[in-house]
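Only a predicted model underlies this, so the values are computations on that prediction, with no experimental measurement involved. Hydrogens, waters and symmetry mates are skipped; everything else that's a heavy atom, side chains included, is used. Just so we're on the same page: letters track the sequence lines, and every chain starts at 1.
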2 protein chains.
Amino acid sequence: MSRTAAKSLLLDASLLRDAEALHSALSGLLRVYQFRDRDRICCYDISVTQCYALEELAEKGPSRSQSLAEALLLDKSTTTRVVDALVRKGYAKRRPDPDDARAVILCVTAAGRKLYEKINRELIQQQAELLRDFDPGLRNGATKVIEGLARAAQARFVSGVSVGRCDPACGTDAVAARCG
Amino acid sequence: MSRTAAKSLLLDASLLRDAEALHSALSGLLRVYQFRDRDRICCYDISVTQCYALEELAEKGPSRSQSLAEALLLDKSTTTRVVDALVRKGYAKRRPDPDDARAVILCVTAAGRKLYEKINRELIQQQAELLRDFDPGLRNGATKVIEGLARAAQARFVSGVSVGRCDPACGTDAVAARCG
DNA sequence: CGAGTATCGTTGGCAGTAACAACTAATGTC
DNA sequence: GACATTAGTTGTTACTGCCAACGATACTCG
């Protein structure tokens, strides 16, 4: 055990350096892409979150409100309101669930699918322009790396029990507010 | 030119596939990390955007409101309000700019720096845990890829003239709202 | 069966995010 | 010194996101 501990300590220095670099790089990436999404998606008729919801419904098919919330990592109340907006704008609709009178089935309308596909095409087109400057061999690798990172982050940050989060180790003092 | 065009067409198929895969992977990554940030940062006393602002001021030093807005890719009015919150909570302060009576100099307070460093340490620690499962050779590569992607996206999505965005080619019809 | 409990989704309330437009005050420019 | 420009703030609107409370339905077990 002491050997392992020593080794782990040795690794820690470089690991922390890497973690810091990754953190910094990811911050930048997130910022730019959030900006891009605001900028592009909001040129149309819906907000970014609304578009994510539309995407989820369009790609994965009809869904209950709760599973949509889980997929989007949103609170159920937020999901209700996001769907409200989509319904109001005619891009989604709610149907009663025949199996459970409490639940609703959410699905996209034809207009919703059309809009989603249009936005999606544009976003992908933008990625294509960006990738065009990359070495073809790197392109695939980049996606692989992102996917791996996303998977790892999903597993680690979105605590196993699906919705429950903020494990006891969260922060050290001012945790009370949201994690109490 | 026709040869180039033909070649470009040939490339387009694989390029589009790659773009689609990247788009999808990035969507997931963004979603998980946004969730993580909400979850971790909001355990403390500030919101995600407020933390980004704090970070910018702590890492890059005092700054005018406008350059902070540019760095965060936010509207100047949003920036004003984000800073309002930080000032109210005692993490930042505004000082008059001796060179220009219209401008203000924004800087973090000691409490602000302390809070930022604490949050930052935690976020980096989380990345380290995540990276621990990665092959050491891959770790560095991952960061490189993310950095490259962020740079390319910055250059491409954040149109050259710093703040001006939504070029004429944006979307095709419903552009009016924000880009008119 | 029927009381108690759990779950599904909605609503209310609050703070924050984000944009555009209009505005004030200070600078520049001619 | 008039006129446009720039820096930052404020007003307005819509959306995000959380927690808590609620009504309605479903489950459970005595």
Side-chain angles (χ1 to χ4, degrees), chain A residues 31 34-53 63-70 72-89 94-106 162-166 176-180, chain B residues 31 34-53 63-70 72-89 94-106 162-166 176-180:
Chain A
R31 198 171 293 172
Q34 281 176 54
F35 172 78
R36 195 273 309 241
D37 286 348
R38 282 201 302 272
D39 201 45
R40 294 290 121 170
I41 296 175
C42 299
C43 282
Y44 297 97
D45 188 17
I46 59 174
S47 75
V48 177
T49 309
Q50 285 160 29
C51 187
Y52 288 167
S63 145
R64 286 200 181 175
S65 185
Q66 186 169 26
S67 52
L68 181 62
E70 278 165 25
L72 299 180
L73 301 175
L74 294 177
D75 187 79
K76 59 183 181 164
S77 65
T78 303
T79 305
T80 292
R81 283 181 246 257
V82 168
V83 173
D84 280 348
L86 289 177
V87 169
R88 180 163 31 83
K89 293 171 182 172
R94 284 186 242 249
R95 290 179 316 166
D97 183 336
D99 298 337
D100 188 336
R102 294 167 301 179
V104 293
I105 306 276
L106 308 171
S162 144
V163 180
R165 31 204 157 90
C166 261
R178 283 193 49 230
C179 314
Chain B
R31 199 171 294 171
Q34 280 177 56
F35 173 79
R36 195 272 309 240
D37 285 349
R38 282 201 302 270
D39 201 43
R40 293 291 121 169
I41 296 176
C42 299
C43 282
Y44 298 96
D45 186 20
I46 58 174
S47 75
V48 177
T49 308
Q50 284 162 28
C51 186
Y52 287 166
S63 144
R64 287 201 179 173
S65 185
Q66 188 171 23
S67 52
L68 180 61
E70 279 165 24
L72 298 179
L73 301 175
L74 294 177
D75 187 79
K76 59 181 181 164
S77 65
T78 304
T79 305
T80 291
R81 283 183 248 257
V82 169
V83 173
D84 279 348
L86 290 177
V87 169
R88 180 162 31 81
K89 293 170 183 173
R94 284 186 244 249
R95 291 180 316 166
D97 184 336
D99 298 338
D100 187 336
R102 295 167 301 179
V104 292
I105 307 274
L106 308 171
S162 138
V163 180
R165 32 204 158 91
C166 260
R178 284 194 49 230
C179 316

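- Residues Leu72(A) and Tyr52(A) share a closest heavy-atom pair of CD2-O, 3.8 Å.
- In this entry the distance linking CD1 of Ile46(B) with P of dT17(C) reads 10 Å, nearest Å.
- Here dA7(D) presents its P atom at 17 Å from CG of Leu74(B), a figure rounded to the nearest Å.
- Judged by distance alone, with hydrogens and angles left aside, the side-chain atoms of Lys89(B) form a donor-acceptor pair with the main-chain N or O of Asp45(B) at under 3.5 Å.
- Note that CZ of Arg81(B) and CG of Leu74(B) are 12.0 Å apart. Values are rounded to the nearest 0.5 Å.
- Atom OG1 of Thr79(B) is separated from atom CG of Leu73(B) by 10.0 Å, given to the nearest 0.5 angstrom.
- Rounded to an integer number of Å, the gap from Gln34(A) CD to dC15(D) C1' is 15 Å.
- Atom pair Gln50(B):CD and dG17(D):C1' shows a separation of 14 Å (rounding to whole Å applied).
- Here the C1' atom of nucleotide dC14(C) and the CZ atom of Arg88(B) are 12 Å apart, to the nearest Å.
- Per the geometry, CZ belonging to Arg38(B) stands 15 Å off C1' belonging to dA15(C), to the nearest Å.
- Between Leu106(B) and Ser65(B), the closest heavy-atom pair is CD1-CA, 3.6 Å.
- Expressed to the nearest 0.5 Å, how far CG of Leu68(B) lies from NZ of Lys76(B) amounts to 14.0 Å.
- With rounding to whole Å, Leu73(A) atom CG is found 15 Å from dT16(D) atom P.
- Between the CZ atom of Arg36(A) and the C1' atom of dA18(C) there is a distance of 18 Å, given to the nearest Å.
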Practice item. Take nucleotides 6-13 of chain C nucleotide by nucleotide from the 5' end and write B, S or -, depending on whether a protein heavy atom sits under 4.0 Å from the base, only from the sugar-phosphate, or from neither. Key: BBSBBBBB
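- Along DNA chain D, the nucleotide closest to Ala101(A) and the one closest to Lys89(A) are compared, and the more 5′ of them pairs with Lys89(A).
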